[in-house]
Number of protein chains: 2
Amino acid sequence: MSHQYPYQRPALATDIVVFAVDAADLKVMLIRRGIAPFENEWALPGGFVRIDESVEAAANRALKEETGLRDVFLEQLFTFGDVDRDPSTRVVSVAYFALVNVAGRWCAAGTDAKQAAWFSISDVPQLAFDHRIILDKSYRRLQDKLRYQPIGFELLPEKFPLRALQHVYEVVLDRRLDKRNFRKKILSYDFVVSTDEAEQNVAHRAAQLFRFDKKKYDRWTKKGLNFEL
Amino acid sequence: MSHQYPYQRPALATDIVVFAVDAADLKVMLIRRGIAPFENEWALPGGFVRIDESVEAAANRALKEETGLRDVFLEQLFTFGDVDRDPSTRVVSVAYFALVNVAGRWCAAGTDAKQAAWFSISDVPQLAFDHRIILDKSYRRLQDKLRYQPIGFELLPEKFPLRALQHVYEVVLDRRLDKRNFRKKILSYDFVVSTDEAEQNVAHRAAQLFRFDKKKYDRWTKKGLNFEL
DNA sequence: CCAAAAGTGTTAAAACTACACCCATGA
DNA sequence: TCATGGGTGTAGTTTTAACACTTTTGG
């Protein structure tokens, strides 16, 4: 890496795959592009990286500007660096995926996005650029990661019944899980702690609410232990 | 992502962490920098991304120019995008890790590298930029990945005795493994196939040579099965 | 009292761990 | 014949997978 840089530089952007789970299934947020190229087509939220901000900061900023979301779980996915990704100019894009709990949040349209909306993962329209590839890779990563890292909690409110957590696993992994085995496994981890609260306003027996204790989890991983399933 | 791009662009580079295993332990390749900043200090091989090449192509080119290595296993690790990584200018770097089988290969110095050399992972000198952080992350990733993807083979010649594979696992994971359990596990995967060849010129009973069958592995993963340990 | 989901144990099969000896080969 | 690593099996333990009923609550 020289401090001289005689070559023309690629543009650098971010794209963010925002996931959420609702009562039905796994959702992704898309925006309808307000400008060319691909004007009026659906795309992932994202934007260019400025010279004075980190790439991650750029992703957070784009997310806020285009969807109104902030302070969400954001993790780097992959950098897409092919030459012809963008028909108008050379753009390298650092993709992130975000996990939000959809209950209580919503999204607003912003600067160069006319519209933002949630789509079922199984019902995504045609996307601009190589965003379909980014989405697919992101989804696979989410599935893999869910199985060995405690990230399912990021798709839920702070306090949740175990059923909701199981629902997250079921819709992300796209298969049914056994209730008893699931509870046994999750409760064997002492970083999933029960609160003394219960669900409210349900038309059946109210479930106990649980919470993910990040501090306990961190201590636990330091012992070399691994979260799984 | 707009086709207009009124902002100043960060420079885009790649850095590559090249791993190899020899009889003793896990090695990383470093180059001594020929130019400022950090002239004469040790650093990861790498270089800038040109406007007309993909990021991955840039990594391969840098690798060849600086170390003489080509056609090696190369996988994207992470993109380092902090503002102050490089004291002289804003540089975002896409890091890769490479796995090579050191037997039979060597490396040459190149354009802006005065010198390239292997270092034991436990004996790495001070590094330029944030390369120590890149190296650490890369090493952790290698350890994780080795446990659930068949990449150990990339550190060996095409045909190898099982002992050599076990050695790869032991030096990368930094712990001893039981020989019988290891063989049992590995041979339970039908994509590790025995050739009818044996070691030559050894001062003891010659071991049978095995080979990783990528096609069989691909078929096998399509059934949803997972390689582990 | 009905509907809906909460909560709870056991058993069989599979996977994992720990462990030690004889064999083949070349020097 | 000796030194070196190749190659092999078993038993105890742990983990996983499959499976169904009773309890609580609100409507």
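Naming convention: chains lettered A, B, ... in sequence-line order (proteins, then strands); numbering from 1 in each chain.
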Nearest nucleotide by nearest heavy atom, which residue falls closer to the 5' end of DNA chain D, A:V202 or A:K179? A:K179
Using heavy-atom distances to pick each residue's nearest nucleotide on DNA chain C, tell me which of B:E228 and B:R205 is more 5'. B:E228
By nearest-nucleotide position on DNA chain C, the 5'-leaning member of A:K184 and A:H204 is A:H204
In whole angstroms, how far is the [atom2] atom of [N] from the [atom1] atom of [X]?
X      : N      : atom1 : atom2 : value
A:N181 : C:dA14 : CG    : P     : 16 Å
A:F182 : D:dA18 : CZ    : P     : 16 Å
B:E199 : C:dA27 : CD    : C1'   : 16 Å
B:Q166 : D:dG7  : CD    : C1'   : 12 Å
B:N201 : C:dA27 : CG    : C1'   : 13 Å
B:K185 : C:dA14 : NZ    : C1'   : 11 Å
B:L165 : D:dG6  : CG    : C1'   : 15 Å
B:R183 : D:dG5  : CZ    : P     : 14 Å

C:dG7, OP1 or OP2 - any side-chain N/O from A:R180 closer than 4.0 Å? no
Cationic N near anionic O, under 4.0 Å, A:K184 to A:D178: no
Using a strict threshold of under 4.0 Å (side-chain N to carboxylate O), is an ion pair present between B:R140 and B:D144? no
Quick one: do the B:D82 and A:S54 side chains pair a donor with an acceptor below 3.5 Å? no
Looking at A:F78, is A:K137 sitting on its ring face, NZ or CZ under 6.0 Å from the six-membered ring centre and within 45 degrees of the normal? yes
